[in-house]
Number of protein chains: 2
Amino acid sequence: MGKKNDHCNYSQCPVACALDIIGDRWTLLVIRDLMFTGRHEYKDMLSSDEGISTNILADRLKQLQSRGIIASVPHPENKTRKLYYLTQPGKDLIHVMIQIAIWADKHLTGVVSIPTDTRDMLINNTGAKIQYTMQELEKWEKEFIV
Amino acid sequence: MGKKNDHCNYSQCPVACALDIIGDRWTLLVIRDLMFTGRHEYKDMLSSDEGISTNILADRLKQLQSRGIIASVPHPENKTRKLYYLTQPGKDLIHVMIQIAIWADKHLTGVVSIPTDTRDMLINNTGAKIQYTMQELEKWEKEFIV
DNA sequence: TAATATTACTTGCATATTGCAAGTAATATA
DNA sequence: TATATTACTTGCAATATGCAAGTAATATTA
């Protein structure tokens, strides 16, 4: 269930309604980890540079699952581990992520730094970057999701 | 100055650093108002459907100005009024806004509703939507900014 | 010109969210 | 059998949000 003050209770604007889901400091970082960094487990996401705290991470994973943006399966070889991954709605956020990254690369030059090859593809061959990212996700899925 | 817990203090990731600026429930709605709805004054943004409160709006306008994403001028014919507008970094967020809107239109079908013509251009002629939006902003600027 | 209205805010306070540290339960490993 | 991992939960202080009310500088109306 959504929250009392969710924008979607007052507005049908796509940006407003999307912000009920992605409009906070952490949600898109969880998506980023699942989409670009090969992280698929709770402990992996905890280890990201930004230092998300355990309760926030648990909450966001729960919210994203309940919204159908991510899903999870038990690790095939270890019952204590759990694998999270993006569903199609989650994967479709790649276009949002990419545009945020391009904007930040252009306008937050003092603070942002992207590895040269990654940046080159992002800026000069955005389509290829998207394709490549999707291919990597598919590869992973073929290994871990039936 | 940024806040103590800003992601950019811990990470150089473009998404993380961007979230220090746009990662909350209200900032992108202020951008939306300035970008797509022809709102340029404090009172206009207060009147948007989502019901932003006066202190939050004042705070976000201040933050966005200090980051150079928006700017303001006194109303040419009325000293009590003030006109806010997007700078180039602010305008460049159009690609982020458009992708969020496209994603929400596709995946939040129960809650999102976009006027038919607007939606048609957004989905089927995204480039034209961007061009048109920029043209409208330029028109406004020619009238109100020197 | 005096009284009312607009506009762009600020202030105070209750409530909600976040950040941090510590704890727990179910396995897995040594 | 003892220690580690993993994925969480809990409690509490600090911060941010939501809401109502107030303020100061013009502008408009009677």
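Naming convention: chains lettered A, B, ... in sequence-line order (proteins, then strands); numbering from 1 in each chain. Note that the structure is a prediction, hence the values are computed from the model and not measured.
- Near-neighbour residues of DNA chain D inside residues 34-61 of chain A, defined by a heavy atom below 4.0 Å, number-ordered: Glu41(A), Tyr42(A), Lys43(A), Thr54(A), Asn55(A), Ala58(A).
- Between chain B and DNA chain D, the heavy-atom contact criterion of under 4.0 Å yields a 5' to 3' nucleotide range of dA16(D) to dA27(D).
- Placement of Trp140(A) and Ile31(A) in two distinct hydrophobic clusters is found when ILVMFWY residues are connected by side-chain heavy-atom separations under 4.5 Å, directly or transitively.
- Atom NZ in Lys3(B) sits about 13 Å away from atom P in dT18(C), given to the nearest Å.
- Annotation: the span from Thr54(A) atom OG1 to Leu57(A) atom CG amounts to 8.0 Å, rounded to 0.5 Å.
- Counting heavy atoms from C-beta on, the side chains of Glu50(B) and Leu19(A) never come closer than 4.5 Å.
- For residues 68-86 of chain B, proximity to DNA chain D is found at Asn78(B), Lys79(B), Thr80(B), defined as any non-hydrogen atom under 4.0 angstrom from a strand atom.
- Between Asp44(B) and Arg39(B) there is no salt bridge, since no side-chain N of the basic residue sits under 4.0 Å from a carboxylate O of the acidic one.
- Residues Asp6(B) and Lys3(B) are in side-chain contact: their nearest non-hydrogen atoms beyond the backbone lie under 4.5 Å apart.
- Ala71(B) meets the side chain to side chain contact (heavy atoms under 4.5 Å, CB included) test with Tyr85(B), Thr87(B); sequence neighbours excluded.
- A distance of 9.0 Å separates CD1 in Ile145(A) from OG in Ser72(A), rounded to the nearest 0.5 Å.
- By the ring pair (Phe, Tyr, Trp, His ring centres under 6.0 Å) test, His95(A) is found to be paired with no residue, residues two or more places apart in sequence or in another chain being considered.
- Atom-to-atom distance recorded for Leu86(B):CG and Lys91(B):NZ is 7.5 Å, nearest 0.5 angstrom.
- In this structure, the side chain to side chain contact (heavy atoms under 4.5 Å, CB included) partners of Ser113(B), at least two apart in sequence or on a different chain, are Gln12(A).
- Atom CG in Asp6(B) sits about 15 Å away from atom P in dT18(C), given to the nearest Å.
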